[in-house]
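All of these numbers come straight from a predicted model, not from anything done at the bench. Each chain gets a letter, A, B and so on, in the order its sequence line appears, and its residues count up from 1.
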There are 4 protein chains.
Amino acid sequence: MNVYLHKNAMHTKTEKQRQIIEAAIELIAEKSIQQLTIKNLAKKLGVTDGALYRHFNSKIDILLGILHMFQAEARENLEQVKKSRLPALQQFEDIFLYRLKYFTQRPAVAAVIFSESIFQNDVRLTRAVNEFLTMHEDTLRIIIERGIRKGEIRKGILIDETIYITIGSMRYLVTRWRLKGRDFDLYEKGVQLLGNLKELLKC
Amino acid sequence: MNVYLHKNAMHTKTEKQRQIIEAAIELIAEKSIQQLTIKNLAKKLGVTDGALYRHFNSKIDILLGILHMFQAEARENLEQVKKSRLPALQQFEDIFLYRLKYFTQRPAVAAVIFSESIFQNDVRLTRAVNEFLTMHEDTLRIIIERGIRKGEIRKGILIDETIYITIGSMRYLVTRWRLKGRDFDLYEKGVQLLGNLKELLKC
Amino acid sequence: MNVYLHKNAMHTKTEKQRQIIEAAIELIAEKSIQQLTIKNLAKKLGVTDGALYRHFNSKIDILLGILHMFQAEARENLEQVKKSRLPALQQFEDIFLYRLKYFTQRPAVAAVIFSESIFQNDVRLTRAVNEFLTMHEDTLRIIIERGIRKGEIRKGILIDETIYITIGSMRYLVTRWRLKGRDFDLYEKGVQLLGNLKELLKC
Amino acid sequence: MNVYLHKNAMHTKTEKQRQIIEAAIELIAEKSIQQLTIKNLAKKLGVTDGALYRHFNSKIDILLGILHMFQAEARENLEQVKKSRLPALQQFEDIFLYRLKYFTQRPAVAAVIFSESIFQNDVRLTRAVNEFLTMHEDTLRIIIERGIRKGEIRKGILIDETIYITIGSMRYLVTRWRLKGRDFDLYEKGVQLLGNLKELLKC
DNA sequence: GATGAATGAGGGTTCATTCAT
DNA sequence: GATGAATGAACCCTCATTCAT
């Protein structure tokens with residue numbers, strides 16, 4: 001396989017690329033996204049700095065790799081839930097609890113998704129985060145619309161605002177969890193929060 | 001005024017310190033928080049790097065200066081609203097709309113407040129952000145409790161979760177606004193969002 | 001008094017100059033000679049950096065001031081001993097024990113005298129240290145010569161070498177004392193060392 | 001060879017590390033230890049500052065590298081002399097003259113060994129100098145004890161004090177040589193001094 | 001006499017990236 | 001594919017010194 005092809009291809013990662021991304025995620029989880037340097041990453045992988053550049057054109061591409069991985073994984077979950085045809089509020093719950101469980105198991109994911117301020121310098125990174133969020137918003141929009149039509153969600157609610165409320169409250173929960181050093185059970189608190197949200201949204 | 005005093009005093013900033021903080025805020029607004037370097041800041045002020053160290057002990061202290069300024073300003077607003085004795089939902093609106101107006105006028109404030117991922121390396125910065133958030137949560141808690149007692153807010157709502165919902169949705173609105181390059185009117189959207197929130201919360 | 005005169009005059013120090021030198025000595029004793037910066041010194045004196053330059057033309061002049069003070073003080077002791085007409089070996093003891101007592105009381109003096117490596121960059125400082133040492137050597141030479149003539153010190157000893165032996169061993173004692181964090185009684189050990197030296201030198 | 005290993009290994013230096021240490025020693029000899037800056041050192045080696053950090057973690061580690069080199073070299077000499085089974089006073093001479101010859105050839109060594117006042121800020125450096133001195137003291141102690149037992153050195157002499165006298169006088173000789181700009185023949189004077197010392201110590 | 005502000009040169013260090021081998 | 005070495009730009013910070021007020 002041509003070396004210059006696979007470095008640019010979006011969704012076909014080589015085994016080595018996957019390893020690097022995996023190591024990067026671990027590094028972020030153990031230390032912080034600020035500690036994700038080429039040097040540290042190479043050390044963790046047991047290779048030299050230069051070696052990484054055989055597999056990625058730049059550090060930004062590694063970060064994009066992480067984001068794409070998350071995105072692919074989230075997309076799959078969203079699609080599945082959409083197809084499930086369960087009641088709207090149940091779908092809600094499925095999406096958010098899945099996400100929280102994922103964050104609990106892999107805190108690095110949260111660290112990356114919540115690093116907009118660090119990504120601000122690069123268009124591609126900003127765009128990737130944007131796409132990630134938009135993807136969730138779009139799915140929620142479909143679910144909410146359907147829920148309203150089916151009488152599962154109270155009328156008189158503006159859809160876009162409801163999206164902000166749900167995503168926003170979940171994000172803030174995660175933010176607090178991270179700032180407080182993960183000293184409470186994210187999933188458990190999420191269940192409570194979702195209960196409240198559902199209470200507010202239902203007819 | 002003694003030179004060694006003003007560097008440590010928390011809330012008594014010299015004129016020069018205020019100028020530096022102001023320039024830092026502008027710099028963040030124009031470029032990004034990543035571009036807030038001592039060199040850039042000094043250049044913006046038309047002085048040399050070293051000059052800044054007459055007024056602040058470190059770059060972190062400058063960032064703390066910014067945060068403390070916001071905090072002082074926010075605290076004042078929160079206190080005023082608390083004392084106002086308006087209906088709970090009105091107080092809600094006052095707090096959030098004030099905040100959004102502020103962000104609109106000074107986008108740098110949002111940039112700083114939302115930079116947790118950058119601050120993560122420093123305890124003092126993390127603590128300052130934490131205090132800022134906690135301060136808002138505490139005020140909201142008081143308002144919500146009072147609102148429930150007075151029958152202005154629907155019963156059966158968990159207070160903590162309501163706090164997460166309100167703060168979270170406002171934060172997400174700002175996050176979206178920032179990621180989309182401030183291409184919509186934050187205040188206007190905020191009014192809509194608040195309308196929805198109030199609808200959900202009222203009896 | 002003309003401001004430009006007193007700054008250059010060698011041995012007539014103003015009260016303020018004496019205060020500054022005193023503070024510098026204290027600073028060295030408390031911290032280390034590396035911590036003797038204009039800023040630290042000014043802070044200790046409760047004035048601003050610039051103020052010091054009213055009294056000394058440069059930091060080097062302050063260091064020279066310290067050295068001159070020591071020199072004057074040592075000269076007085078040496079003269080007194082020389083005049084005392086006590087037996088040579090007794091004079092020996094007087095000089096060295098006086099010095100050790102002085103070092104014990106004012107560790108900063110030792111810190112300065114033993115800072116040749118730091119002074120190496122400046123001719124005047126090197127010269128001052130040189131003069132300090134030469135002064136001691138000259139006095140010892142006179143005492144030893146007299147001691148040999150009077151039959152108090154064994155013949156067949158080369159005078160210069162004896163000087164090196166005595167000064168050197170005392171200096172090394174002080175060096176060890178300093179490197180070991182002053183964890184033994186310098187004076188007491190000095191008495192022992194001198195006993196041995198006298199034993200070696202006497203007829 | 002792994003890049004992360006060799007930076008921490010104590011006594012196995014890479015070729016490049018040796019080159020850097022060598023350049024540092026030359027720099028100190030030509031200028032002074034105060035001129036040993038990362039920038040000057042890199043310039044001398046014809047590389048950029050950062051390049052040095054591939055080979056040493058910090059400037060202090062470079063200094064430690066120098067000290068360890070000296071220490072290894074001195075240890076070898078001391079061991080050899082100890083094993084030689086020559087008369088005690090001869091062993092004395094061997095040690096000190098070897099040292100002086102070394103200093104004559106490499107004045108930088110003296111500059112570093114006599115830089116305690118500069119090292120005072122760092123524990124590791126202080127410790128290294130301490131070890132260097134202690135190593136010499138320990139060897140001398142063994143030699144002197146043996147000399148006394150064999151009747152080569154006069155009885156009634158306190159061993160520790162004799163150590164101070166010998167090391168101290170040699171050090172002072174070197175100090176004088178350095179302060180006087182190396183304007184006399186260190187080795188020649190050392191022979192004289194040792195002659196005197198031996199005269200004083202022998203039975 | 002002292003202050004407050006600034007300078008300018010330099011300090012050690014980090015980091016993404018490149019490239020010959 | 002990987003290594004080892006280097007680059008160059010940037011980073012935060014320190015310090016002796018100057019000077020208008």
Contact between [X] and [Y] at the side-chain level, heavy atoms closer than 4.5 Å - yes or no?
{"X": "M69(C)", "Y": "I25(C)", "result": "yes"}
{"X": "F132(A)", "Y": "L67(A)", "result": "no"}
{"X": "E22(A)", "Y": "Q19(A)", "result": "no"}
{"X": "I38(C)", "Y": "I62(C)", "result": "yes"}

Quiz prompt | D122(B) and R127(B) ion-paired at < 4.0 Å | solution = no
Exercise. For the pair R54(B) and D49(C), find out whether any cationic side-chain nitrogen is under 4.0 Å from an anionic carboxylate oxygen.
Key: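 Answer for the salt bridge query: yes.
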Self-check item: Sugar-phosphate or base contact per nucleotide [nucleotides 14-21 of chain F; S, B, -; heavy atom under 4.0 Å]
Solution: BSSBBB--
Atom pairs and distances, side-chain donor-acceptor, residues 111-121 of chain C, under 3.5 Å, sequence neighbours left out:
unit_1, atom_1, unit_2, atom_2, d
S115(C), OG, A111(C), O, 2.3
E116(C), OE2, R171(C), NH2, 2.4
S117(C), OG, S117(D), OG, 2.7
N121(C), OD1, S32(D), OG, 3.2

To the nearest Å, how far apart are [X] [atom1] and [N] [atom2]?
{"X": "K44(B)", "N": "dA6(E)", "atom1": "NZ", "atom2": "P", "answer": "16 Å"}
{"X": "Q17(B)", "N": "dA6(E)", "atom1": "CD", "atom2": "P", "answer": "12 Å"}
{"X": "N121(A)", "N": "dC15(E)", "atom1": "CG", "atom2": "C1'", "answer": "15 Å"}
{"X": "L63(A)", "N": "dC15(E)", "atom1": "CG", "atom2": "P", "answer": "14 Å"}
{"X": "F56(C)", "N": "dG1(E)", "atom1": "CZ", "atom2": "C1'", "answer": "15 Å"}
{"X": "D61(B)", "N": "dC13(F)", "atom1": "CG", "atom2": "C1'", "answer": "13 Å"}
{"X": "L27(D)", "N": "dG11(E)", "atom1": "CG", "atom2": "P", "answer": "11 Å"}
{"X": "L52(D)", "N": "dC15(E)", "atom1": "CG", "atom2": "C1'", "answer": "15 Å"}

Quiz item: Could you state the interatomic distance from CD1 (I28(C)) to CG (L63(C)), rounded to the nearest 0.5 Å?
Solution: 6.5 Å
Quiz item: Does OP1 or OP2 of dG4(E) have a side-chain N or O of H55(B) closer than 4.0 Å?
Solution: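 No, H55(B) has no side-chain N/O under 4.0 Å of OP1/OP2 on dG4(E).
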Exercise. Extract the stems that DNA chain E is part of, considering only consecutive pairing runs of at least three Watson-Crick or G-U wobble pairs, both distances under 3.5 Å.
Key: E:2-21 with F:2-21
Quiz item: Are the side chain of R124(C) and the backbone of I60(C) linked by a donor-acceptor contact shorter than 3.5 Å?
Solution: no
